[in-house]
Each structure stands twice: as C-alpha cells, then as structure tokens.
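Throughout, a chain's letter reflects where its sequence line sits, starting with A, and its residues are numbered from 1. Source: prediction; values computed, not measured.
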Amino acid sequence: MEREIRTRFAPSPTGHLHIGNARTAILNWLFARHGGGSFLVRIEDTDQERSTAASEEMILEDLRWLGLEWDEGPGVEGPFGPYRQSERQELYARHIAGLLENGRVYPCYCTAEELDLRRQERLERGESTNYDGRCRSLTHEQKQRHEREGRRPVIRFRSDETRDVAFTDLVRGDVLFPGSNIGDFVIARQNGIPMYNFCCVVDDHLMRITHVLRGDDHVSNTPRQVLLYEAFGWETPLFGHSPMILGNNRERLSKRHGATSVSQYREAGYLPQALVNFLSLLSWSSESGDEILPPDRLVSEFTVDRLSKSAAVFDTVKLTWMNGLYIRNLDANTLGGLLRPFLRSAPAADLSVERMETIARLLQERLETLADIDEKAAFLFADRPRPESDEAAAMLGEPDAQRVIRELLTISGNADSWHAERFPELMKQVQAATGVKGKMLWMPVRIALTGMMHGPDLASTFGFLGRDRCRLRLEAALAGP
RNA sequence: GUCCCCAUCGUCUAGCGGUUAGGACUCAGGAUUUUCAUUCCUGCAACAGGGGUUCGAUUCCCCUUGGGGAUGCCA
C-alpha cells in the first residue's frame, strides 16, 4: 500500500544555510510537492558544543526566503513533534534502553585517548581501523570497576562483521557494504546524548518519513542506519543520495570557494527563484530540456530518476547569468521594490515607489544582481557627472559638441514638457538648427547628461533627471571641465 | 591504509547499441540599436585510456588512470 510521501530536511544549526544543504532541502521539498506529500524540517541539534539558536533562526529564515515552506517543523507544530532533537531526549533514552536490554548495544568504557592510540597501532599494522571490541563482553564486575574509576561509558552498536549490508538507493541503485567495514559505531556519547545516526533513525521512523534524500556524504552512514532499523524491527525508508556540489577546483564546496551560504547570495542581490532554479539544475535536468524553470515547473517536472550520479561544479558565472535573466523578467514595479534596499547612493526623493519603478525600467536590462543597481544608478544622482575618461572629455570639448549642447539648452529652455517622450523631438530640432547628426549629435548630450559614453536609453534618462538636473548638467558641460 | 561512489565541450547537462554526439553558460564574430546593454543569428569546443561483448559501442562488462566521499564521543 502506498503511503503518503513524507520527506524531511534535517539541518544542524551550526552556521548559515550552506548552498549544498540548500540543494538537499530543495530536492526534498520538490519531491514532496511533486508527489503531493509533506515536507518537514527537523533541527538536528544534538551537538551541544556547536548548535546555536541563532543559527537555527538563520537557517529557517533562509529556507523561508527560498520559498521552501514546510508542513511540519519549527513553528509549524504537527502530530510528530517536537521537531528539535534537543527536545526529544526522553524518546531516545527509551529506545536506547530497549536496545541495551536485548543486547544490541553495549556500554564501552574506552577513553578517546585509548581509542586513538589503539586505532593508530592497528592502522600501522595494516588492520581495520574499526573499534577493536574490547568492551564488547564486559562482565558486571568489570563494568562496576570502570564506573568506580569514574569512567562514563559511550553506547556502541554491536555489529556483525560477517554480515554485509545492502540497500537500494533511489539514485545509485543497489549498494553493498561489507560487514567488515562497519564496526561497532557509537550511538550515544558519554554525556548520554545520542548521536546523529541514532537520532536520525528514531526520528525518521517516528515521523513516518518515507523518503530520505540527502547528500552523497551520507552513503556510508546508511548501512549503520539500516542496521539500527533492523535492530528495532522497523521498515527502512527509501534512501536517495544526491551527488555533491563541488567548487571550481573540484573539491567539495567550501568557504575557500567564495560565497557558500544562501544568505551571502541574498545579500549579494540574487533572487531566490533564480537560486532555486540554478541549484535544481545541479545533477538534475528536466525531461523537457528547458533550463529556465520557475518553482511551479520545477515541482511538476521533478523526478528522482532524472538525478545524475556525478558531482557538479558550482558555476557562479552561470548562476549570475540566470539571475540577470530573472531580473529582466520581473515587472518594473516589483523590481523597483526589490532594488530599493540596495540603492545606497540615492536621495530619499528618488526612492518613492514611482521613482524606483522608473529607475528599475531604466536599468533593468543591465543588472545581473540587485546589488549592481547602486553602481549602475550612481550617475543619476551625482551632482555633476564628470566625464568618465579623457576621451569623453575630449569629445565634449569639440566645437560641434558645444554647439549641440548650447542649442539643446536654448531649445529646451522654452520646453514645457521634460518627459522622455519629448526628447526625440527636441533632438530633432537641435539637429535641424546645428546641422550636426549621428554620433556627434548624440554623444555630447549623453556625456553631458551622464558623464559616460555608454549607458541606458537617453530619452528615459532625460525624463528621469528632469528639468533642473538636466539644465545644470548641460550648463556644466558648456563651462568646460 | 580500508570501504563506497563517479567519469560527454572549460563549466552545467541531453543521450539510455546504429545520432552530422544536441542544448545552456563562458568566449569569438555578426544583425538590430544615437552608445552601451538587451534580444536574435553564427562559430569555437567533449565521449579519460586500454581491453573485451556485439554486425556495430559515448552507451553493456573488466582493468588502469583521474576525481570525490567516508573512515568522529560532527551532522
């Protein structure tokens, strides 16, 4: 019988939401939405040293920003909560007790130092680095002695070296791990708090997770988890391991490769839809062959069987291109609103909804990120844009250029309208009066008005600047440098 | 060391025994445009190597090489 699909994203709150983890979240979200199931978020904060509430909030905020709303999780209580592992300790304790009782796990009193030493020796002898099993069959008396010495045990899983573990992976097919390689892994620390592999199994089962989609780096954890499911007598969920995201040197994406957290991209002016679209295309492709896929298309077209098995390099150049495309596809009003917080250099008067919309329309097709706006729009607000180069200054100094500007100043002096639509007509009159045309007609005006030889549509710029600013700039250009 | 996995243009990818190996980004050239940008067109560029299997391998199998991951009282 088909169960309702339930997936989860289980971040550990030890920093920002990493790009790689965001992709995992997207995969789980897409899979659940595609199948009409539920997407949950579970906070894996069993590492007390590193977990912080602040980073939990940052991660949740980034997920919300990406548009990955969850059906159960922090802030959205459901029937299988709590959704924070630190709040589920009694649950874990109960399950460990059960395993302790039937001997599937045992206390191990070896200290980290002893373990380290012995592992080193075994490595040098060319032996397996697994736990050597010293505490496997301690007598009651031996345990007592250790306790009296003040040792606190960790809890280890008793695994069978002779039993290989197999599971079927949704993306890589049948995977087999030799039992000799699994070893007696730790399921609970000295302080009693259970570890990832254990909590993950208990929670996924109790939360009725049907599909576990996660990064490649978890494949070798999977056999341990499968063993745990077996020990509990539980059915395993289906596992699917997506390939890693690599940096340009083909190593696992890390800080060394520049921006690696979702928040950094948000701050750099990337659109969530573009980021989600781009990340979805890493190790996955739509059967349609299309690449520009807004969230709704991603949801309807996503299937795990189109996930590839090989890792993908995170290419910010293509991401940036895609972001520019999404920016160009925005309507000017929306874009204006998104742009406002990035526009540091503009006077307050130009930040109104109407003005922002105009600015957006003016510069929309030359923005790759929202953050580009500050630099691209700067010329609009400068008191008197200086010519950007000697070449521009020289051109402005040409006799014809001066005539053009003087004529425009004269003609526009009586102009009643300073709207962009009036501009072409004004320029036609200037051309008629001066006999100058082509580049020598337009370029001086462009340089006078913007200081630049390249820029957005002149008529619109003229309209945006308005009477006072235009006249000021034209007069300045006449006066010379 | 041991175990697992991966391998098509520089990058992201399509391909699921027979294709002129397709698309996207980047780059180069061109068209449009008063400039630039946008948009459109064209071009450069790939099956890691070696063995098999097969009438036929990019595709299936093995080995080599290269790369990634795991090997934690992190997740």
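Results of the side chain to side chain donor-acceptor pair (under 3.5 Å) test with Asp45(A) over Ser86(A), Ser51(A), Ser12(A), Ser55(A) single out Ser86(A) as the only residue that passes.
In this structure, the nucleotide among A70(B), U13(B), U35(B) sitting nearest to the side chain of Asp217(A) is A70(B). Taking every side-chain heavy atom of Trp442(A) into account, U34(B) is the closest of G23(B), G69(B), U34(B). You'll find that the side chain of Ala312(A) is closest to C12(B), out of C12(B), C4(B), A75(B). With U71(B), G68(B), C73(B) as the choices, the nucleotide that has an atom nearest any side-chain atom of Glu251(A) turns out to be G68(B). With distances taken from any side-chain atom of Arg189(A) to the nucleotides U11(B), C4(B), C74(B), the minimum falls on C74(B). The Met244(A) side chain lies nearest to G68(B) when the options are G68(B), A75(B), U71(B). Considering only the side chain of Ser12(A), A75(B) comes nearest among A75(B), G1(B), C6(B). Distances from the side chain of Val317(A) to the nucleotides G72(B), C25(B), A75(B) place C25(B) closest. Taking only side-chain atoms of Asp457(A), from C-beta outward, the nucleotide of C3(B), U34(B), U71(B) with the closest atom is U34(B). Comparing C12(B), A75(B), U71(B) by their nearest atom to the side chain of Tyr196(A) picks out A75(B).
As the counterpart of A21(B), no nucleotide is assigned, since no Watson-Crick or G-U wobble pattern has both distances under 3.5 Å. The partner of A7(B) is U65(B), by the rule that a Watson-Crick or G-U pair needs both atom distances under 3.5 Å. Pairing for U2(B) is with A70(B), a Watson-Crick or G-U wobble pair whose two hydrogen-bonding atom distances lie under 3.5 Å.
The backbone N or O of Leu396(A) lies less than 3.5 Å from a partner atom in the side chain of Gln402(A), making a donor-acceptor pair. Between the side chain of Asn323(A) and the main chain of Gly269(A), a donor-acceptor pair closer than 3.5 Å is present.
Residue Leu123(A) is in base contact, counting any heavy-atom pair closer than 4.0 Å across all strands shown. Backbone-only contact: Arg306(A) has heavy atoms under 4.0 Å from sugar-phosphate atoms and none from a base.
Contact check, Ser310(A) against C5(B): no side-chain N or O comes under 4.0 Å of OP1 or OP2. Between Lys318(A) and U11(B), a side-chain N or O to OP1/OP2 separation shorter than 4.0 Å is absent. Dashed line: the shortest gap from a side-chain N or O of Ser220(A) to OP1 or OP2 of G69(B) is not under 4.0 Å. Residue Arg250(A) places at least one side-chain N or O closer than 4.0 Å to OP1 or OP2 of C12(B). For C73(B), the OP1/OP2 oxygens have no side-chain nitrogen or oxygen of Arg151(A) closer than 4.0 Å.
With rounding to whole Å, Ile182(A) atom CD1 is found 17 Å from A70(B) atom P. At whole-Å resolution of the value, CG in Asn248(A) and P in U11(B) are 11 Å apart. Leu293(A) places its CG atom 14 Å from the P atom of U13(B), with the value rounded to the nearest Å. The interatomic distance linking Ile447(A) (CD1) with U34(B) (P) rounds to 17 Å, in whole Å. Arg252(A) places its CZ atom 20 Å from the P atom of C4(B), with the value rounded to the nearest Å. If you take CE of Met452(A) and C1' of U35(B), they are 10 Å apart, rounded to a whole angstrom.
Proximity of the aromatic rings of His211(A) and Phe31(A) is defined here by a centroid distance below 6.0 angstrom, and this criterion is met.
For the pair Arg156(A) and Tyr131(A), the cation sits on the ring face: its NZ or CZ lies under 6.0 Å from the ring centre, inside 45° of the axis.
Annotation: U59(B) and A21(B) have their P atoms spaced 15 Å apart (nearest Å). Spacing between G23(B) and A14(B) at atom P, rounded to whole Å, works out to 15 Å. Comparing G72(B) with U13(B), their P atoms are spaced 31 Å from each other, to the whole Å. Comparing C6(B) with A48(B), their P atoms sit 15 Å apart, to the nearest whole Å.
A salt bridge is absent between Asp203(A) and Arg8(A); no separation between the charged side-chain nitrogens and carboxylate oxygens falls under 4.0 Å. Looking at Glu114(A) and Arg119(A), no side-chain N of the basic residue comes within less than 4.0 Å of a carboxylate O on the acidic one, giving no salt bridge.
Ring geometry, Phe423(A) versus Phe462(A): the interplanar angle falls from 30° to 60°, so the pair is classed tilted.
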Enumerate all atom pairs, one protein N or O and one N or O from nucleotides 37-39 of chain B, separated by less than 3.5 Å.
from   : atom 1 : to        : atom 2 : distance (Å)
A37(B) : O2'    : Glu365(A) : O      : 2.7
A37(B) : N1     : Glu365(A) : OE2    : 3.2
A37(B) : N3     : Glu365(A) : OE2    : 2.4
U38(B) : O3'    : Arg328(A) : NH1    : 3.3
U39(B) : OP1    : Arg328(A) : NH1    : 2.7

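The stretch residues 180-201 of chain A participates, sequence neighbours left out, in these side-chain hydrogen bond (donor to acceptor under 3.5 Å, both in side chains) pairs: Tyr106(A)-Asp184(A), Arg136(A)-Asp184(A), Ser159(A)-Asp184(A), Tyr196(A)-Arg214(A), Tyr196(A)-His218(A).
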